[in-house]
Amino acid sequence: MDSPHFPSFASLRVLLFGFCVITLFPEFVVSITRHYTFNVEYLNVTRLCHTRNILSVNGKFPGPRLVAREGDRVVVKVVNQVSNNVSIHWHGIRQITTGWADGPAYVTQCPIQTNQSYTYNFTIVGQRGTLLWHAHISWLRATIYGPIIILPKHNESFPFEKPHKEIPILFGEWFNVDPEAVISQALQTGGGPNVSDAYTINGLPGPLYNCSSKDTYTLKVKPGKTYLLRLINAALNEELFFSIANHTLTVVEADARYTKPFDTDTLLIAPGQTTNVLLKTKPYFPNATFQMSARPYFTGRGTFDNSTTAGTLIYKQPLKNSSVKNLTLLKPTLPPINATSFVANFTAKFRSLASAKFPAKVPQKVDRKFFFTVGLGTSPCPKNTTCQGPSNNTKFAASVNNISFALPSSVSIMQAYYSGQANGVFKTDFPATPLNPFNYTGTPPNNTMVTNDTKLVVLKFNTSVEVVLQDTSILGAESHPLHLHGYDFFIVGQGFGNYDPNNDPAKFNLIDPVERNTVGVPAGGWIAFRFLADNPGVWFMHCHLDLHTSWGLRMAWLVLDGPGPKQKLQPPPSDLPKC
């Protein structure tokens with residue numbers, strides 16, 4: 001039998017010295033590697049008197065927190081123990097040269113098959129704040145999601161008051177039936193899908209739904225304290241308004257980028273977006289409890305889940321034996337469902353902190369400009385079938401520049417690119433502008449048919465890019481939250497109506513525009529953003545309303561390698577899943 005190994009006195013001295021250095025000079029603490037195991041497994045969950053066998057991570061709903069510091073390496077082994085194919089996306093993580101860990105199925109990887117595993121390995125570079133992780137195949141993210149919490153480096157503080165406590169608040173969407181059956185049926189019939197049955201706060205729908213009062217999220221606070229609420233919209237298909245009765249919230253960060261602080265009573269948060277807010281509690285014990293509510297912002301024509309999720313903010317009693325009973329419940333007032341002007345005013349308040357320590361590096365010159373229409377359309381019904389789309393025998397579709405993006409099924413796009421076998425998988429002639437221009441926000445054209453294809457935009461390394469996303473009125477003007485993988489971008493301009501390339505750029509903010517990974521294209525309007533293509537790989541860009549993604553409102557950018565050793569896409573890991 002081997003004898004136990006004891007460290008020598010010399011190595012003990014080294015260990016003790018190292019301990020003293022770390023204790024006395026914590027800035028010497030280098031980044032660490034954090035290991036996680038995510039078991040994708042079934043979990044019985046009952047909400048609204050309906051019990052479902054949902055897909056979960058580690059038997060938790062919502063899923064576990066992924067916590068790391070800026071600069072840390074994160075290694076997550078995902079083990080698939082369910083019958084569905086699975087992949088996980090670390091939403092908002094830049095994935096500098098580690099695109100193989102990004103997660104969108106058939107874009108950067110084949111999905112993980114039943115009883116298989118894949119290890120996602122990435123380093124968090126230059127980011128701190130709140131992001132989220134979620135499944136990125138079909139509609140599995142309905143229940144497979146959780147928070148990513150990136151703490152500042154050791155010895156670095158927030159650029160705002162240190163909170164008494166930090167609390168993640170995740171908004172979700174609950175279906176009484178399997179969401180996979182919902183989207184499968186919708187794609188088959190070509191019609192709109194059945195809508196969700198409730199919205200949730202940290203997995204709980206709250207008291208405004210039938211058979212749900214016991215499933216209410218409660219946030220207990222002390223008077224005279226500041227709390228950091230990490231708000232995450234993980235809902236499938238709806239942007240949400242959020243408010244806490246009689247309390248003002250201070251926005252300090254969006255999508256893991258610090259912002260200039262501003263106060264608001266009501267927030268709008270789109271799927272895929274995160275917002276950190278400070279909640280300053282009242283200085284004394286109020287004789288009331290306060291409802292926090294979230295309900296949808298919706299501008300489209302289709303059906304949607306027009307309901308409200310609610311939780312309760314409760315102040316802890318100053319004396320242990322004093323009674324909490326019969327406190328008044330105060331309720332917030334949320335904007336009307338289609339309050340587009342509120343939304344425009346709210347989003348215009350976001351500005352980058354743009355301080356010496358956290359500068360806004362906005363590209364001042366632009367190498368390539370793109371003008372993309374985003375919106376709905378139609379595709380023909382297959383022969384000898386009946387479809388329930390918007391007009392006679394058509395199916396609903398969605399597109400970017402009228403191309404409804406088709407994902408491959410036997411290989412991922414990035415694997416095809418990396419192995420030099422793009423032929424028959426994707427093309428590289430995605431149009432930089434619409435092939436058939438029209439009055440985008442006026443009367444729609446008679447022909448609303450989209451084309452189906454797999455086309456990418458190819459960018460040379462370090463290209464400075466400007467993108468204008470223009471909503472269309474085809475089948476109704478609608479707000480589209482667009483998410484770009486692998487990058488944060490600066491939102492330099494936004495407006496209503498058709499973008500005017502001659503006059504609108506003069507109004508662009510190139511000094512302190514907000515930097516995000518997900519932006520709402522205004523209903524009947526446009527948004528302009530800029531980014532520097534300094535991250536090689538294949539990067540998905542899509543509407544974060546999953547229905548629109550399923551209908552084809554998605555495309556991808558291929559950023560080529562740069563000359564330097566740290567400017568190249570790393571080789572694929574040995575356990576990259578096969579299709």
Side-chain angles (χ1 to χ4, degrees), residues 22-32 34 64-72 74 92-93 124-132 146-170 201-202 217-232 242-244 246-265 267 269 273-286 290 292 311 313-316 318 349-360 488 512 514-516:
I22 286 171
T23 314
L24 296 172
F25 308 103
E27 64 269 24
F28 282 117
V29 175
V30 284
S31 307
I32 61 168
R34 295 175 189 255
R65 297 177 191 184
L66 192 155
V67 182
R69 283 195 187 278
E70 178 187 343
D72 283 352
V74 177
I93 297 283
I124 298 169
V125 180
Q127 295 181 282
R128 76 289 309 156
T130 307
L131 294 168
L132 69 153
I148 297 176
I149 294 164
I150 309 169
L151 304 169
K153 288 180 176 175
H154 279 290
N155 264 21
E156 291 199 355
S157 53
F158 296 123
F160 47 81
E161 181 185 343
K162 188 178 190 316
H164 170 65
K165 207 169 176 189
E166 301 173 26
I167 295 137
I169 293 188
L170 291 89
I201 297 174
N202 289 344
Y217 174 68
T218 301
L219 173 56
K220 290 183 174 160
V221 297
K222 293 177 177 174
K225 301 282 185 192
T226 298
Y227 293 81
L228 179 69
L229 306 185
R230 298 176 177 272
L231 306 177
I232 298 169
F242 174 70
S243 182
I244 304 176
N246 287 40
H247 286 74
T248 299
L249 303 170
T250 305
V251 174
V252 291
E253 180 214 300
D255 293 1
R257 294 286 178 187
Y258 294 134
T259 64
K260 289 186 171 66
F262 69 90
D263 292 347
T264 185
D265 299 329
L267 286 118
I269 184 163
Q273 289 186 333
T274 59
T275 310
N276 278 7
V277 298
L278 297 177
L279 166 70
K280 282 193 164 68
T281 57
K282 301 186 180 304
Y284 50 86
F285 176 78
F290 304 90
M292 55 176 95
L313 180 76
I314 294 176
Y315 279 72
K316 291 177 184 168
K349 291 178 183 174
F350 284 83
R351 292 271 191 274
S352 280
L353 189 59
S355 63
K357 187 160 192 192
F358 302 104
D488 291 329
D512 64 348
V514 70
E515 196 175 1
R516 302 200 78 136

Is a side-chain donor or acceptor of [X] paired with a backbone partner of [Y] at a separation under 3.5 angstrom?
X	Y	answer
Thr281	Lys225	yes
Asp255	Thr274	yes
Tyr315	Lys282	yes
Asn202	Pro168	yes
Thr259	Ala254	no

Check: After noting the C-alpha distance and the side-chain angles of Ile232 and Ile169, does the key distance pass the side-chain contact (heavy atoms from CB on, under 4.5 Å) rule?
Finding: CA-CA 6 Å; Ile232 298 169; Ile169 293 188; over 6 Å; no
Margin query: Once ring-ring contact (aromatic ring centres under 6.0 Å, His included) is applied, do any residues pair with Tyr227, and if so which ones, sequence neighbours excluded?
Written below: His164
Checklist line | Phe242: ring-ring contact (aromatic ring centres under 6.0 Å, His included) partners, not counting sequence neighbours | finding: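 With sequence neighbours excluded, Phe242 shows a ring-ring contact (aromatic ring centres under 6.0 Å, His included) to Phe171, given in chain and number order.
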[X]: what forms a side chain to side chain contact (heavy atoms under 4.5 Å, CB included) with it, not counting sequence neighbours?
X	value
Lys316	Lys220, Lys222
Asp263	Thr248, Thr250
Lys357	Glu156, Ser355
Glu166	Leu151, Phe158, Pro163, Leu228, Arg230

Is the shortest side-chain heavy-atom distance between [X] and [Y] below 4.5 Å?
X	Y	value
Leu131	Leu66	no
Phe160	Leu278	yes
Tyr284	Pro223	no
Glu70	Lys153	yes
Pro147	Thr130	no

For [X], check salt bridge (charged side-chain N to carboxylate O under 4.0 Å, His left out) against everything at least two apart and list the hits.
X	result
Lys260	Asp512
Glu515	Arg257
Arg34	Asp72

Looking at every heavy atom in both [X] and [Y], which two are closest together, and how far apart are they?
X	Y	result
Ser352	Ala360	CB-CB, 4.0 Å
Arg516	Thr275	NH2-OG1, 4.1 Å
Ile149	Arg65	CD1-CD, 4.0 Å

List for me each residue that meets side-chain hydrogen bond (donor to acceptor under 3.5 Å, both in side chains) alongside [X], sequence neighbours excluded, and say none if there are none.
X	answer
Gln127	none
Thr226	Glu161
Glu253	Asn276

Margin query: Working to the nearest 0.5 angstrom, can you tell me the gap between Leu231 CG and Leu267 CG?
Written below: 6.0 Å
Check: Roughly how far, to the nearest 0.5 Å, is the CG atom of Leu313 from the CZ atom of Phe290?
Finding: 7.0 Å
Note to self: One pair to check against side-chain contact (heavy atoms from CB on, under 4.5 Å): Asp265 and Leu249. What are the steps and the verdict?
What the structure shows: CA-CA 6 Å; Asp265 299 329; Leu249 303 170; over 6 Å; no
Note to self: My understanding is that only one of Ile93, Val67, Val74 makes a side-chain contact (heavy atoms from CB on, under 4.5 Å) with Ile148; could you say which?
What the structure shows: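 Between Ile148 and the candidates, side-chain contact (heavy atoms from CB on, under 4.5 Å) is satisfied uniquely by Ile93.
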Next item on the list: Start with the C-alpha gap between Leu229 and Leu219, add the side-chain angles, then the distance that decides, and say whether side-chain contact (heavy atoms from CB on, under 4.5 Å) holds.
Entry: CA-CA 10 Å; Leu229 306 185; Leu219 173 56; 4.0 Å; yes
Check: side-chain contact (heavy atoms from CB on, under 4.5 Å) between Thr264 and Val251: does it pass, once the steps are laid out?
Finding: CA-CA 8 Å; Thr264 185; Val251 174; 4.2 Å; yes
